[in-house]
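Heads up, the thing below is written out as C-alpha cells.
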Amino acid sequence: MLDERLHIRQSIAVILKVLYSFPEAIVTMSTRSDVRDILELDGDPYHQPVTRKTLMDDKKYKNKKSDPTFKRPEGMHRELWGLLWTDNKYMKDSPPILPTDINQGYKQLKAKLGSQKVRPWKWMPFTNPARKDGTIFLHWRRVADEAKDYPFARFNKTVDVPTYSDLEYQQHLHEDNWTRHETDHLFDLCRRFDLRFILIHDRWDREKYPNRSVEDLKERYYNICNTLVKVRATQGQEPKIWVFDANHERKRKLQLIQLFNRTPKQVEEEEHLIAELKKIELRKKEREKKTQDLQKLITAADSNIDNRRVERKTTKKKVYQQQKLKEGGVCSVTPETGGIKFPDYKQSGVSLRSQRMKLPASIGQKKTKAIEQVLEELSIEYNPMATEEIVQHFNELRQDIVLLYELKLALASCEYDLQTLRHQYETLSPSGKRKRKAAVEQSNVLKKIKQKV
C-alpha cells in the first residue's frame, strides 16, 4: 500500500511539472493551487495571494507596522493611565525615576545621570536672617552656595506695627480708659504675634491690667494707627485709613452666640415662620395680579362707555362716508372693547357680514355659555339678521356681556378674599361667636359664587 501511494504521488508530481511547463494549459492556476493544497505540498511559486501591493503595483507602498495596544489595568484611573501610556508611546521609555529641574517640557524631563561631574557639598554653618537671636545652625550645602543667604528666609513675612513717641502719645493718643503702660503692652504683643488678636487676647496680662475683649484691643490698635497716619501725612496726600466698627462686631458675635444656643423647638418654630412668610409673599403676589386684572377690566369698561358716547355723536353723513370707503368687500374695523376681539376682514373680494358676528376661537366655553344665557334672558336671537347696524350693535352687546361676566368673577374673587381675611381675623379674636359667624358667612359667599358662575 505504501508503495502504491508513493507511486501515485510521484505520478501527480510529474503531471504538475508538465502543467507548469505549459502556461497555456487548460487547467487554471487556481486548480494547481487546489491540487497542491490537497497533497499538502509547498506553496505554489506561480500563484500567490492577491494583496494591495500586488494589485496596485505600488513600489513606494510600505507596510505600516501597527503599534501595540495595551489595555488599561482594572482599578487604575483613566487620567493616570493616559499619562503612563503617553510616556510609553511617544518617549519609548519609562518616566524618570529621579526628579529633574531641566525646563525642556514634560516629554524630556529625564534625569541625565553621569553627564556632568558631581558638585561638591559641604557641612557648613548658617544663620537665619528671620531670627533676631543670631543662633547658628549646621546643614549640608553646595560649596558654590556658601556665600548666599538662607533661601527660606524670604518666606518670613512680618507686619509693620507703628511706633510712637512720648510727645505724640501725649498730644494725640491719650485716652482716659487706657494708660500708657497698657497701650505699650498692647503694641508689644502686636509685634510679637503679628496682629493675631486671638493670641494677643490670650496672652494679655490680666494681673497688671484690666481684662479686655478682642474688640476692645482691635479698636484701640486701629484708632492709634489711624491717628498716627493722619498726623504724619503730608499736605495734599490722602492718608490710608483702616476701618473697624467695634459695635458692629460685638453685635455680630452676640447674634452668633444666640443662634448657636437655640433649642430644637426654637429651630422648628423658625422654620415654620419662614414657611409662613413664603406663603404670605405668594398670596401677596396673587393679590397684586388680581388687582392688575381688575384694573384692566375697569379700564376696558370705561373705554367702552367712551366709545359708545363717541359713536352716538356721529352723524348719518359720516356713516354714509364710511360705507363708501368699504368698496370691494372691505369691512370697517370693530372697536376693540371688552374681552372679545372680532376678526378684521381686510382682504379683497366678496365676504359675508355674518362672518363678522362669528366668535373667535379664543373665547372659552364658559364665556360662550354666559353669552347664550344672557341672550336667552333678553329674548335675542343668537344668529340675528346680519345687517350693518345689527352686526355692529350685536358685537358690542356680546362684548359688554363678556366684560360683565369678567367683572362678576373679579368681584366674587375679591369678596371671597375679603371674607377669608375677615375669618382669619375673627379666628384670632377670643370670641367664639365671631368665629362661627365668620364661618357661616364664608360658606354663604361660596354658595353665591357657585350660583353666579
Side-chain angles (χ1 to χ4, degrees), residues 126-137 149-275 277:
F126 75 97
T127 58
N128 188 355
R131 298 177 65 98
K132 304 300 182 182
D133 51 2
T135 306
I136 298 176
F137 300 95
D149 294 334
Y150 183 61
F152 295 99
R154 66 179 184 272
F155 297 109
N156 183 54
K157 303 297 182 181
T158 58
V159 181
D160 186 14
V161 179
T163 58
Y164 48 85
S165 61
D166 296 338
L167 182 61
E168 288 176 339
Y169 185 86
Q170 292 176 2
Q171 292 181 354
H172 308 288
L173 307 179
H174 177 72
E175 192 172 340
D176 296 336
N177 297 331
W178 286 77
T179 61
R180 173 64 186 272
H181 297 288
E182 193 176 4
T183 306
D184 294 341
H185 179 59
L186 170 63
F187 273 73
D188 182 45
L189 293 177
C190 291
R191 294 186 188 93
R192 286 176 57 190
F193 300 109
D194 292 332
L195 298 183
R196 296 180 178 89
F197 283 95
I198 302 298
L199 297 178
I200 294 170
H201 178 263
D202 182 67
R203 300 300 179 90
W204 184 258
D205 192 354
R206 294 175 178 79
E207 295 180 357
K208 293 183 179 179
Y209 310 108
N211 189 13
R212 302 281 186 178
S213 63
V214 178
E215 290 74 23
D216 295 336
L217 299 177
K218 284 186 177 182
E219 186 178 19
R220 177 60 173 166
Y221 173 79
Y222 287 115
N223 287 340
I224 291 177
C225 291
N226 292 334
T227 304
L228 291 176
V229 167
K230 292 178 182 178
V231 170
R232 297 173 182 177
T234 58
Q235 287 184 349
Q237 182 181 2
E238 186 177 357
K240 182 180 178 180
I241 304 298
W242 288 271
V243 179
F244 177 72
D245 192 350
N247 294 328
H248 175 74
E249 191 70 12
R250 293 188 187 96
K251 291 179 181 179
R252 185 184 67 85
K253 289 187 176 181
L254 180 61
Q255 290 176 354
L256 287 176
I257 292 171
Q258 292 177 354
L259 190 66
F260 181 77
N261 293 332
R262 291 180 302 169
T263 61
K265 186 177 180 180
Q266 291 176 344
V267 174
E268 185 179 357
E269 183 180 359
E270 183 178 356
E271 293 176 353
H272 176 70
L273 291 175
I274 292 173
L277 178 61

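Computation of the quantities below employed the complete heavy-atom set of this structure, encompassing side-chain atoms and omitting hydrogens, waters and symmetry-equivalent molecules. Note that the structure is predicted; figures quoted are calculated from it, not measured.
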With no hydrogens and no angle check, is any side-chain donor or acceptor of Gln266 less than 3.5 Å from a backbone partner on Thr263?
yes
Roughly how far apart are Asp245 CG and Tyr222 OH, rounded to 0.5 Å?
13.5 Å
Within the supplied structure, the quantity of interest is the number of heavy atoms (other residues, nucleotides, ligands) at a distance under 6.0 Å from Glu175 CD; does it exceed 12?
yes
Which pair of non-hydrogen atoms, one from Thr127 and one from Ile136, has the smallest distance, and what is that distance?
CG2-CG1, 3.9 Å
Kindly check if the number of other-residue, nucleotide or ligand heavy atoms within 6.0 Å of CG (Leu273) is above 12?
yes
Output every pair passing side chain to side chain donor-acceptor pair (under 3.5 Å) with a member in residues 185-197, not counting sequence neighbours, ordered by first then second residue.
none
Are Lys253 and Val214 side-chain neighbours, meaning at least one heavy-atom pair lies under 4.5 Å?
yes
Tell me, yes or no, whether the heavy-atom count around Phe137 atom CZ, taken from other residues, nucleotides or ligands under 6.0 Å, exceeds 12.
yes
Any donor and acceptor pair, going by atom type alone, linking the side chain of Asp216 with main-chain N or O of Arg212 inside 3.5 Å?
no
Are more than 12 heavy atoms from other residues, nucleotides or ligands located less than 6.0 Å from atom NZ of Lys230?
no
Nearest 0.5 Å please: distance from the CZ atom of Arg252 over to the CG atom of Asn247.
13.5 Å
Can you find a pair of side-chain heavy atoms, one from Leu217 and one from Arg220, that are under 4.5 Å apart?
no
To the nearest 0.5 Å, how far apart are CG in Asn223 and NE2 in His172?
15.0 Å
If you define the side chain from C-beta out and look only at heavy atoms, does anything of Phe197 sit under 4.5 Å from Tyr221?
yes
Please report, to 0.1 Å, the donor-acceptor pairs under 3.5 Å made by any side chain of residues 232-242, with sequence neighbours excluded.
from   : atom 1 : to     : atom 2 : distance (Å)
Arg232 : NE     : Glu168 : OE2    : 3.3
Arg232 : NH2    : Thr163 : O      : 2.5
Arg232 : NH2    : Glu168 : OE1    : 3.0
Thr234 : OG1    : Gln237 : OE1    : 2.9

Name all residues meeting the side chain to side chain donor-acceptor pair (under 3.5 Å) criterion together with Gln171; count only those two or more places apart in sequence or in a different chain, and write none if there are none.
none
How close do Ile224 and Thr183 get, heavy atom to heavy atom, and via which atoms?
CD1-CG2, 3.5 Å
Leu277: side chain to side chain contact (heavy atoms under 4.5 Å, CB included) partners, not counting sequence neighbours:
Glu281
Do the side chains of Pro210 and Trp204 get nearer than 4.5 Å, heavy atoms only?
no
Taking salt bridge (Lys or Arg N to Asp or Glu O under 4.0 Å) as the definition, give me every residue that meets it alongside Asp166, ordered by chain and number, with sequence neighbours left out.
Arg180
With no hydrogens and no angle check, is any side-chain donor or acceptor of Asp202 less than 3.5 Å from a backbone partner on Ile198?
no
I want to check something: taking the side chain as every heavy atom from C-beta on, are Thr158 and Asn156 in contact at a cut-off of under 4.5 Å?
yes
Just how far is it from atom CD of Glu270 to atom CZ of Arg262, taken to the nearest 0.5 Å?
4.5 Å
Would Glu182 and Lys208 count as a salt bridge (Lys or Arg N to Asp or Glu O under 4.0 Å) here? Give the steps.
CA-CA 9 Å; Glu182 193 176 4; Lys208 293 183 179 179; over 6 Å; no
Quiz question: by atom type and distance under 3.5 Å, do the side chains of Arg131 and Asn128 form a donor-acceptor pair?
no
State whether the number of non-hydrogen atoms from other residues, nucleotides or ligands found under 6.0 Å of His181 atom NE2 is greater than 12.
no
What is the distance from atom SG of Cys190 to atom CG of Leu199, rounded to the nearest 0.5 Å?
11.0 Å
By ring-ring contact (aromatic ring centres under 6.0 Å, His included), which residues pair with Tyr169, not counting sequence neighbours?
Tyr164
So which heavy atom on His201 is nearest to which on Arg206, and how close?
O-NH2, 2.6 Å
With rounding to the nearest 0.5 angstrom, report the CG to NZ distance, Leu195 to Lys218.
10.0 Å
For a side-chain contact (heavy atoms from CB on, under 4.5 Å) check, start with the C-alpha distance between Leu228 and Leu173, then their side-chain angles and the critical distance, and finish with the verdict.
CA-CA 8 Å; Leu228 291 176; Leu173 307 179; 4.0 Å; yes
